[in-house]
S.K.: 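Before I ask anything, let me first share the structure, which is written out below as structure tokens.
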Amino acid sequence: MLKLENIEVILGKNNKERKILNKLNFDVKDGEFALIVGENGAGKSTLFDAISGSIQVNSGKIWLSGQDITHTLQKHRAKLVSKVMQDPKLGTMENMTILENMAFAFKRGQIRGGEFFSSKHRIRTFKEKLSMLNIGLEDKIQELVSNLSGGQRQALSILMAILKESKILLLDEITAALDPASTDSVMELTNQILREKKLTCIMITHNLSQAIKYGDSLWFLKNGVFIKKYDKETKSKMTLAELSSKFEEV
Ligand SMILES: Nc1ncnc2c1ncn2[C@@H]1O[C@H](COP(=O)(O)OP(=O)(O)OP(=O)(O)O)[C@@H](O)[C@H]1O
């Protein structure tokens with residue numbers, strides 16, 4: 001379980017300091033898929049930065065699996081928290097093959113060795129994992145990532161993010177840079193992987209249709225604080241128009 005208690009984050013320098021997260025409380029249970037929506041500048045990315053440790057909180061507590069990680073350094077939190085960004089180019093290295101990308105993700109934080117890349121066992125394991133995506137990447141394992149489409153690349157980014165077991169997966173608008181068809185397939189794939197592997201996940205989205213269709217909980221963030229939360233049952237009964245009007249009225 002991830003729990004945030006009374007989180008305050010102040011950003012900016014000298015007399016331009018602003019409170020971006022304002023006594024924010026949030027929790028996600030093990031295996032839960034939580035979605036966050038909020039207007040531009042609400043503090044969504046700052047919240048992810050606070051969870052991943054790329055910024056330090058000014059006050060409040062962050063608990064992960066019962067452990068107080070409020071002051072745990074980002075490099076140590078990297079083992080606990082995985083993140084996929086909006087731009088598929090950020091999650092993968094285009095001048096490397098799919099195999100090399102996966103090997104890199106697998107060995108992240110460990111010493112890399114040449115023999116690792118040629119190991120038949122590793123290649124078989126990676127092919128098995130790629131086939132889980134069901135988009136034929138297992139047959140392109142020696143191809144450069146630059147040859148993949150945005151959707152294929154984002155699917156690979158997600159797989160790479162979960163290759164090493166972490167406690168929580170953060171998805172930051174992972175479909176925002178994709179076309180509608182790739183958006184749907186990447187979301188379906190993500191949902192399937194989360195459910196099969198029972199992963200704990202928080203996803204930021206601007207897409208209210210996704211917010212209705214996916215996830216166990218939906219949180220509205222405004223001015224650095226959560227102002228509404230819907231459970232799965234409530235939100236899945238809403239139409240897009242109803243959810244949009246709730247979103248606009250807050
Ligand atoms: N380093 C910083 N210094 C000062 N202000 C900052 C800094 N980083 C972000 N902010 C401000 O904090 C607020 C929240 O930013 P954040 O990126 O978390 O919002 P967001 O909800 O993710 O927005 P979007 O949907 O546009 O990505 C914004 O007003 C932003 O300008």
Side-chain angles (χ1 to χ4, degrees), residues 2-28 33-62 64 69-71 73-75 77-78 81-91 150 154 157-158 161 168-180 182-183 186-187 190 200-215 217-230 235 240 243-250:
L2 173 76
K3 195 172 172 65
L4 278 74
E5 286 174 349
N6 290 320
I7 294 297
E8 283 193 319
V9 169
I10 298 164
L11 295 178
K13 289 196 177 99
N14 306 322
N15 56 353
K16 295 229 171 106
E17 287 186 341
R18 266 186 58 214
K19 202 176 275 184
I20 309 298
L21 298 183
N22 193 0
K23 300 247 175 230
L24 174 143
N25 289 292
F26 176 76
D27 63 86
V28 55
F33 181 14
L35 272 84
I36 295 175
V37 294
E39 60 201 11
N40 295 115
K44 305 179 293 296
S45 299
T46 305
L47 172 63
F48 271 14
D49 290 343
I51 295 170
S52 66
S54 61
I55 57 168
Q56 287 291 311
V57 301
N58 294 80
S59 63
K61 288 267 181 214
I62 306 176
L64 186 57
I69 61 158
T70 316
H71 301 293
L73 293 176
Q74 185 182 13
K75 64 179 177 183
R77 268 192 237 188
V81 182
S82 293
K83 191 169 168 184
V84 181
M85 319 281 279
Q86 177 175 334
D87 185 351
K89 289 183 183 158
L90 294 176
Q154 198 61 314
S157 304
I158 294 161
I168 194 142
L169 177 64
L170 305 178
L171 305 178
D172 194 352
E173 293 190 58
I174 55 165
T175 59
L178 304 179
D179 61 48
S182 305
T183 294
V186 165
M187 268 319 298
T190 303
T200 311
C201 177
I202 311 169
M203 183 170 95
I204 294 171
T205 184
H206 279 288
N207 182 324
L208 295 184
S209 307
Q210 285 177 359
I212 291 176
K213 187 169 178 192
Y214 299 103
S217 56
L218 172 62
W219 301 68
F220 276 18
L221 187 69
K222 187 172 185 179
N223 297 332
V225 70
F226 285 110
I227 52 165
K228 259 189 189 163
K229 179 192 173 186
Y230 295 103
K235 78 183 179 66
L240 184 57
L243 186 62
S244 301
S245 70
K246 300 262 180 223
F247 188 56
E248 274 153 26
E249 81 195 20
V250 293

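In listed order, ligands and their atoms are each counted from 1. Positions are given from 1 along the sequence.
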S.K.: Looking at Ile20, which atoms of ligand 1 are within less than 4.0 Å of one of its heavy atoms?
M.R.: 11 (C), 12 (O), 13 (C), 14 (C)

S.K.: Which heavy-atom pair separates Asp172 from Ser45 by the least distance, and what is that distance?
M.R.: OD2-OG, 3.6 Å

S.K.: With no hydrogens and no angle check, is any side-chain donor or acceptor of Arg77 less than 3.5 Å from a backbone partner on Ile69?
M.R.: yes

S.K.: Run down the list Lys222, Lys44, Glu17 and name the one with the heavy atom closest to atom 20 (P) of ligand 1.
M.R.: Lys44

S.K.: As a test of the contact definition, would atom 30 (C) of ligand 1 count as having a protein heavy-atom neighbour under 4.0 Å?
M.R.: no

S.K.: Tell me, which protein residue and heavy-atom name are nearest atom 17 (O) of ligand 1, and how many Å apart are they?
M.R.: Ser45 CB, 3.7 Å

S.K.: Just by distance, with hydrogens left out, do Gln210 and Thr175 show a side-chain donor and acceptor under 3.5 Å apart?
M.R.: yes

S.K.: Tell me the protein heavy atom at minimum distance from atom 24 (P) of ligand 1, and give that distance in Å.
M.R.: Asn40 ND2, 3.6 Å

S.K.: Starting from atom 15 (O) of ligand 1, locate the nearest protein heavy atom and write down its residue, its atom name and how far away it is, to 0.1 Å.
M.R.: Thr46 OG1, 3.8 Å

S.K.: Numbering the atoms of ligand 1 from 1, which are under 4.0 Å from a heavy atom of His206?
M.R.: 25 (O)

S.K.: What are the atoms of ligand 1, with element, lying closer than 4.0 Å to any heavy atom of Arg18?
M.R.: 29 (O)

S.K.: Taking the side chain from Gln74 and the backbone from Gln56, do they hold a donor-acceptor pair closer than 3.5 Å?
M.R.: no

S.K.: Could you work out, for atom 19 (O) of ligand 1, the closest of Gly224, Gly43, Gly38, Gly12 by heavy-atom distance?
M.R.: Gly43

S.K.: Is it the case that the side chain of Ser82 and the backbone of Leu169 share a donor-acceptor pair, with hydrogens and angles ignored and the cut-off at 3.5 Å?
M.R.: no

S.K.: Under a 4.0 angstrom heavy-atom cut-off, which atoms of ligand 1 come close to Glu39?
M.R.: 21 (O)

S.K.: Apply side chain to side chain contact (heavy atoms under 4.5 Å, CB included) to residues Glu173 and Ile204 and explain how you reach the verdict.
M.R.: CA-CA 5 Å; Glu173 293 190 58; Ile204 294 171; 3.9 Å; yes

S.K.: Indicate yes or no: does an N/O atom of Gly41 lie under 3.5 Å from an N/O atom of ligand 1?
M.R.: yes

S.K.: Quick one: which of Val9, Ile10, Leu11 has a heavy atom closest to atom 1 (N) of ligand 1?
M.R.: Leu11

S.K.: With no hydrogens and no angle check, is any side-chain donor or acceptor of Asn207 less than 3.5 Å from a backbone partner on Ser209?
M.R.: yes

S.K.: Apply the side-chain contact (heavy atoms from CB on, under 4.5 Å) test between Leu21 and each candidate in Asn6, Val9, Asn223; give the one that qualifies.
M.R.: Val9

